Amino acid sequence: MVTFGKTISLFLIEGDPNSRWVCELSNWNGKAYKIPRIKVHGCFDRPDLAACGIYFLFGKNDIDEKSIVYIGESENVYNRLLQHDSPTGKDFWNECIVFISKDNRLNKAHIKYLEHKCYFLAKEADRYFVENPTVPADASLTEAEQAEMDEFLYNIRLINNVLGHKVLEPIAVINSDNNAEADTPKLCIRAARGADAEGQQTSEGFVVLKGSKVASTVTRSCPNYVIELRKKLIETNVINSEWVFTENKIFGSPSTAAAVVMGRSANGLTEWRPESL
């Protein structure tokens, strides 16, 4: 797969990184806004937001560390955001990212197609809890329109990532031509008390892969932080009742990942080994 460099322009409207941003990509007719919730009502000064677009509402889950996203579309994004910020709107979100067209080329069918695709990408990535109560309807596009919207979708994924939300990106995909981590070797732990896990070092941290099995018990000398972390992962069903990871899980270091898998103190730099060893 041939890749090319990209130039992304970020403009801080108020000159404050905690306020509103505009994001543009070279040779692209799209445009993105990153807007804190407390700044939404002040966006009357951005008339281009009163247009067709797709938007993401981002928030935090107070129960666990998983963030929340709502993916929507509207023929007037600004008015729709005002509705979401009303007393009858959604209360979880604190920031939104909006995508519109600089030349008003997006129509209702285009944004419904993008919303539908983004919903399934977010569900597949499983990084965020997707707040949408129903599956967004798809739209019928011509072959040429679909190709144009697929390119628009690629740029939505890219810019969301750059702006700090990997909502549409899978955590780790081994041996994928489209994955920057594909050349990183898969590592394994085969140890006592049923530990049988696979993982991979990525640019985000160490990922223990879905289907990996952790030790069913911990040692007496197991650190308290490992015991508490295992407990939390079990409570949130990241590790199920059969001691198996139900999803790809990022850890801050190989050692923490190894300790959770093995139920004891561990040096991840030595415990995680290539499959061939």
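Just so it is clear, the structure is predicted and the values come from calculations on it, not from any experiment. Sequence positions, counted from 1, serve as the residue numbers for this chain.
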If you look at every heavy atom in [X] and [Y], which pair is closest and at what distance?
X: I54; Y: G72; value: CG1-O, 3.2 Å
X: A266; Y: A258; value: CB-CB, 3.8 Å
X: L209; Y: G199; value: CG-CA, 4.2 Å
X: Y128; Y: G164; value: OH-O, 4.2 Å

[Y] side chain reached by [X] side chain, heavy atoms, under 4.5 Å:
X: F120; Y: V135; value: yes
X: F152; Y: E148; value: no
X: L57; Y: E131; value: no
X: L168; Y: F56; value: yes
X: L163; Y: L10; value: yes
X: Q200; Y: N248; value: no
X: V260; Y: I239; value: yes
X: Q146; Y: M149; value: no

Exercise for the section: Please assess K108 against E73 for the test salt bridge (charged side-chain N to carboxylate O under 4.0 Å, His left out), listing each intermediate value before the final yes or no. Expected result: CA-CA 8 Å; K108 185 67 173 179; E73 52 80 15; 2.9 Å; yes
Exercise for the section: Any chance you could measure I111, atom CD1, to F99, atom CZ, to the nearest 0.5 Å? Expected result: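 Between atom CD1 of I111 and atom CZ of F99 there are 14.0 Å.
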Test item: [X] side-chain N/O and [Y] main-chain N/O as donor-acceptor pair under 3.5 Å:
X: R127; Y: A122; answer: no
X: N94; Y: G59; answer: no
X: T246; Y: V238; answer: yes
X: H116; Y: A139; answer: no
X: N132; Y: I71; answer: yes
X: R20; Y: I13; answer: no

Would one find more than 12 heavy atoms of other residues, nucleotides or ligands at under 6.0 Å from atom [atom1] of [X]?
X: K231; atom1: NZ; result: no
X: K112; atom1: NZ; result: yes
X: Q83; atom1: CD; result: yes
X: E124; atom1: CD; result: no
X: K213; atom1: NZ; result: no

We want to know whether [X] and [Y] form a side-chain donor-acceptor pair, criterion being a heavy-atom distance below 3.5 angstrom.
X: Y119; Y: D138; value: no
X: K102; Y: N29; value: no
X: S74; Y: N76; value: no

Exercise for the section: For D196, enumerate each residue passing the salt bridge (charged side-chain N to carboxylate O under 4.0 Å, His left out) test, keeping only those at least two apart in sequence or located in another chain. Expected result: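 D196: salt bridge (charged side-chain N to carboxylate O under 4.0 Å, His left out) contacts with R190.
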Problem - Residue from I227, V226, L233 passing side chain to side chain contact (heavy atoms under 4.5 Å, CB included) with L229 - result: L233
Handout entry: Check: F92 ring centre within less than 6.0 Å of Y70 ring centre
Key =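 So the answer is no for these two rings.
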Problem - Centroid separation F58 to H165 less than 6.0 Å - result: yes
Show me the donor-acceptor pairs, under 3.5 Å and distance only, between side chains in residues 35-44 and residues at least two apart or in other chains.
from, atom 1, to, atom 2, distance (Å)
R37, NE, D85, OD1, 2.6
R37, NH1, K90, O, 2.9
R37, NH1, W93, O, 3.1
R37, NH2, H84, O, 3.3
R37, NH2, D85, OD1, 3.3
R37, NH2, K90, O, 2.9
H41, NE2, D85, OD2, 3.0

Practice task
Sequence neighbours left out, what pairs pass ring-ring contact (aromatic ring centres under 6.0 Å, His included) with at least one residue falling in residues 201-254?
Solution key: F206-W272
Problem - side-chain hydrogen bond (donor to acceptor under 3.5 Å, both in side chains) contacts in which one or both residues fall within residues 255-269, not counting sequence neighbours - result: S253-T256, R264-E271
Practice task
Any salt bridge (charged side-chain N to carboxylate O under 4.0 Å, His left out) involving residues 237-254? Give me the pairs, sequence neighbours left out, ordered by first then second residue.
Solution key: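 For residues 237-254, and leaving out neighbouring residues, the salt bridge (charged side-chain N to carboxylate O under 4.0 Å, His left out) pairs sorted by first residue read E65-K249, K66-E247.
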Problem - Set of residues satisfying side-chain contact (heavy atoms from CB on, under 4.5 Å) with respect to T142, sequence neighbours excluded - result: A144, E145
